[in-house]
There are 2 protein chains.
Amino acid sequence: MQRATRQRAAILELLKDSTQFLSAQQVHGALTSQDHAIALATVYRALQALTRAGELDVRYSGDGEHLYRRCTRSDPHHHLLCRHCGAAVDLPGIPLEQWVTRHAQKHGFTDVHTTVELDGECSSCAPSGG
Amino acid sequence: MQRATRQRAAILELLKDSTQFLSAQQVHGALTSQDHAIALATVYRALQALTRAGELDVRYSGDGEHLYRRCTRSDPHHHLLCRHCGAAVDLPGIPLEQWVTRHAQKHGFTDVHTTVELDGECSSCAPSGG
DNA sequence: GTCGATGCAAACAGTTTGCAACCAC
DNA sequence: GTGGTTGCAAACTGTTTGCATCGAC
């Protein structure tokens, strides 16, 4: 079972206040600069544990790192992520089940899992007309 | 411009014959065991160049590596990938544009790019009833 | 007191890069 | 001959792991 240590509390606190997806290194950097001494390995281990426990959503950044975000929604949904600042908004789940099932059957695939990733430029990062 | 070297020809040949997504290391391993001497770095560089040239599709494996597949289709489409053997089939593009645009606008996002990844068990890998 | 969590540093895996030799054009 | 390509090995980045210590329950 998971223990409520100072380090994990700090990580959850940080993620609770963030709408962004953050990398393990970003989490570590943020905590360190907030005077929360924590080892990078601890961040990785905690992030893994929390992900396994369903507390966090993970995404692949596209350049080699994983991004984490607190997300307690249990219903299917997607994240629209700003590729500049990492800001994310929740979007309702796309009703793809029928479409996926139909095509999966056609090709003999079973137990199909669908991942939808959306990324764009948020209003703060978009060039405002120039 | 790209030069038609022996190494790139071998890589393209290998990928042409494969319906699977392969990692750089798998490509290297396959070529090496086929008596095609080639350096791992060359595989990485060629794979990058070919991807940039639009000759290959890339996918993230979920455990730290990128997977490549030859794919000359230019129309939007998706890949349904077997998580055991890596076999992949092309699926037509899901008409998400309107849905995405509508939600993106609502949240002030522009230039939104959609990635749909499907993975399941192909008929060869699925437990056939036991 | 027990056993999971932490910190440190070394180990790892995948990938990239510097540089000289090489070869397609 | 020129300039992109290759091979090698070393460097890098993100991540994991071994082990002794620490601390939550």
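For the side-chain hydrogen bond (donor to acceptor under 3.5 Å, both in side chains) test, residues two or more places apart in sequence or in another chain that qualify with A:R8 are A:Q2. For B:Q25, the side-chain hydrogen bond (donor to acceptor under 3.5 Å, both in side chains) partners at least two apart in sequence or on another chain are B:Y44. Applying the salt bridge (charged side-chain N to carboxylate O under 4.0 Å, His left out) rule to A:E121 yields no partners; only residues at least two apart in sequence or on another chain are considered. When the ring-ring contact (aromatic ring centres under 6.0 Å, His included) test is applied to B:H84, no partner is found at least two apart in sequence or on another chain. Residues satisfying the side-chain hydrogen bond (donor to acceptor under 3.5 Å, both in side chains) test with B:E117, not counting sequence neighbours, are none. Every residue meeting the side chain to side chain contact (heavy atoms under 4.5 Å, CB included) condition with B:P92, not counting sequence neighbours, appears here in chain and number order: A:W99, A:H103. Residues satisfying the salt bridge (charged side-chain N to carboxylate O under 4.0 Å, His left out) test with A:D35, not counting sequence neighbours, are none.
Using cut-offs of 30° and 60° for the angle between ring planes, the A:H79 and A:F21 rings count as perpendicular.
Distance, B:H28 NE2 to C:dT15 P: 13 Å, rounded to whole Å. Rounding to whole angstrom units, CZ of residue B:R52 and C1' of C:dT16 are separated by 12 Å. Atom pair B:R8:CZ and C:dC22:C1' shows a separation of 14 Å (rounding to whole Å applied). One can place CG of B:L50 at 14 Å from C1' of D:dG4, the figure rounded to the nearest angstrom. With rounding to whole Å, B:Q26 atom CD is found 15 Å from C:dT15 atom C1'.
Five base pairs at each end of the helix from C:dG1-D:dC25 to C:dC25-D:dG1 define two local axes, and these are offset by 40° (rounded to 10°).
Within the 4.0 angstrom heavy-atom criterion, only backbone atoms of the sugar-phosphate kind lie near B:A37; the bases stay farther away.
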What string of B, S and - do you get for nucleotides 15-25 of chain D 5' to 3' if you count protein non-hydrogen atoms under 4.0 Å?
BBBB----BBS

